[in-house]
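Accompanying notes for the structure given below.
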Amino acid sequence: MRTDRRFVAGLDLDGGLFGTTVAETGLDRPFLLLTSSPDHETWARWRAHHRNWGRHLHLTGGGHLSATDVPALAAAAGLRERWPEPLFSGYLGTIAPHRAATVTRACATAFFDRFLLGLHRPLLDAPTHRHPELRFLWTRGT
């Protein structure tokens with residue numbers, strides 16, 4: 001997004017903003033950050049410099065890989081019983097894998113529906129009882 005104007009909007013699923021100046025300059029197009037931890041130093045710097053619609057949402061109970069199929073596969077493979085709890089929850093979370101996938105899909109769909117299709121979805125406006133595991137950590141724009 002920083003270098004290619006063809007990108008209308010961007011979504012980051014629990015990734016640090018390493019190897020780029022985005023944390024120091026922000027972006028000038030809509031950006032959604034969905035994370036499993038409440039904060040990271042690159043996210044804090046990005047929030048301070050972002051210049052367009054933005055959200056930083058935290059998936060309570062999420063792990064670094066909660067936005068992928070890995071937690072469901074790990075549960076099926078019995079990794080919860082084999083890995084130490086801090087390792088398992090750090091990577092795969094404590095939220096049920098199907099719920100993490102449902103919430104991640106809902107956020108991504110609402111975001112891209114709004115900024116690519118022009119369809120407003122209220123999920124990204126404010127906390128909702130349908131998605132209690134989403135915490136709004138930062139918002140910019142309406």
Side-chain angles (χ1 to χ4, degrees), residues 1-4 7-142:
M1 276 186 73
R2 186 180 59 79
T3 61
D4 192 332
F7 289 94
V8 176
L11 168 63
D12 181 337
L13 298 175
D14 208 39
L17 301 171
F18 301 111
T20 177
T21 60
V22 168
E24 285 72 33
T25 62
L27 293 163
D28 63 356
R29 280 157 285 155
F31 196 76
L32 172 62
L33 180 59
L34 179 61
T35 66
S36 67
S37 62
D39 215 355
H40 184 275
E41 53 95 12
T42 62
W43 304 335
R45 292 195 324 262
W46 163 74
R47 290 189 308 259
H49 300 288
H50 189 64
R51 302 179 308 280
N52 202 303
W53 185 100
R55 297 286 185 275
H56 180 181
L57 305 181
H58 172 240
L59 179 63
T60 303
H64 183 62
L65 300 174
S66 289
T68 71
D69 292 334
V70 173
L73 298 171
L79 287 184
R80 182 173 291 283
E81 294 75 32
R82 293 187 188 117
W83 283 12
E85 177 53 33
L87 180 66
F88 187 91
S89 62
Y91 281 108
L92 306 172
T94 57
I95 188 173
H98 73 277
R99 185 61 187 163
T102 297
V103 173
T104 300
R105 278 193 303 268
C107 289
T109 299
F111 178 72
F112 288 121
D113 277 358
R114 178 174 183 170
F115 293 106
L116 299 183
L117 302 177
L119 304 171
H120 182 259
R121 305 286 186 227
L123 172 63
L124 302 177
D125 293 342
T128 172
H129 69 278
R130 292 186 65 201
H131 298 90
E133 52 280 279
L134 276 181
R135 288 184 46 224
F136 281 64
L137 299 179
W138 177 83
T139 64
R140 170 157 293 146
T142 55

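Since this is a predicted model, take the numbers as computed values, not measurements. All values below come from the heavy atoms of this structure, side chains included, with hydrogens, waters and symmetry mates left out.
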Donor-acceptor check, side chain of [X] to backbone of [Y], threshold 3.5 angstrom: yes or no?
X: R55; Y: D125; value: no
X: H49; Y: E24; value: yes
X: R140; Y: H50; value: yes

- Query: Given E133 and V103, is the side-chain contact (heavy atoms from CB on, under 4.5 Å) satisfied, shown in steps?
  - Reply: CA-CA 8 Å; E133 52 280 279; V103 173; 3.7 Å; yes
- Tell me, please, which residues at least two apart from F111 pass ring-ring contact (aromatic ring centres under 6.0 Å, His included).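 Once residues adjacent in sequence are excluded, the partners of F111 under the ring-ring contact (aromatic ring centres under 6.0 Å, His included) criterion are W53, F115.
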Spacing of [atom1] belonging to [X] relative to [atom2] belonging to [Y], to within rounding of 0.5 Å:
X: T21; Y: R45; atom1: OG1; atom2: CZ; answer: 10.5 Å
X: R130; Y: T102; atom1: CZ; atom2: OG1; answer: 10.5 Å
X: L65; Y: L73; atom1: CG; atom2: CG; answer: 11.0 Å
X: L124; Y: T139; atom1: CG; atom2: OG1; answer: 11.0 Å
X: R114; Y: T109; atom1: CZ; atom2: OG1; answer: 15.0 Å

- Trace of the side-chain contact (heavy atoms from CB on, under 4.5 Å) decision for L27 with N52: CA-CA 7 Å; L27 293 163; N52 202 303; over 6 Å; no
Of the non-hydrogen atoms in [X] and [Y], which two are nearest, and what is the gap between them?
X: P30; Y: V8; value: CD-O, 3.4 Å
X: C107; Y: L57; value: SG-CD1, 4.1 Å
X: P38; Y: H56; value: O-CE1, 3.4 Å

- Task: Would you please test L34 and D12 for side-chain contact (heavy atoms from CB on, under 4.5 Å) and show each step?
- Result: CA-CA 6 Å; L34 179 61; D12 181 337; over 6 Å; no
Only distances under 3.5 Å count here; give the side-chain donor-acceptor pairs of residues 79-92 to other protein atoms, sequence neighbours excluded, each with its distance to 0.1 Å.
from : atom 1 : to  : atom 2 : distance (Å)
R82  : NH1    : A77 : O      : 2.6
S89  : OG     : E85 : O      : 3.0

- Task: Give the intermediate values and the outcome of side-chain contact (heavy atoms from CB on, under 4.5 Å) for residues L33 and W43.
- Result: CA-CA 8 Å; L33 180 59; W43 304 335; 3.4 Å; yes
Test item: side-chain donor near acceptor, [X] and [Y], under 3.5 Å:
X: T20; Y: R2; result: yes
X: D113; Y: H120; result: no
X: D14; Y: S36; result: yes

- For the rings on H40 and F18, is their centre-to-centre separation under 6.0 Å?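 Between H40 and F18, the centre distance is under 6.0 Å.
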- Query: Would you call D4 and M1 a side-chain contact if the rule is heavy atoms closer than 4.5 Å?
  - Reply: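 They are not in contact (no side-chain heavy atoms under 4.5 Å apart), so the answer is no.
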- Does F136 CZ have over 12 foreign heavy atoms under 6.0 Å away?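 Yes.
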- Query: Does S66 have any side-chain hydrogen bond (donor to acceptor under 3.5 Å, both in side chains) partners at least two apart in sequence or in another chain, and if so, which?
  - Reply: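 Applying side-chain hydrogen bond (donor to acceptor under 3.5 Å, both in side chains) to S66 gives none.
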- Message: Please determine whether a side-chain nitrogen of the Lys or Arg among D39 and R47 lies less than 4.0 Å from a carboxylate oxygen of the Asp or Glu.
- Response: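 A salt bridge is present here (some side-chain N lies under 4.0 Å from a carboxylate O).
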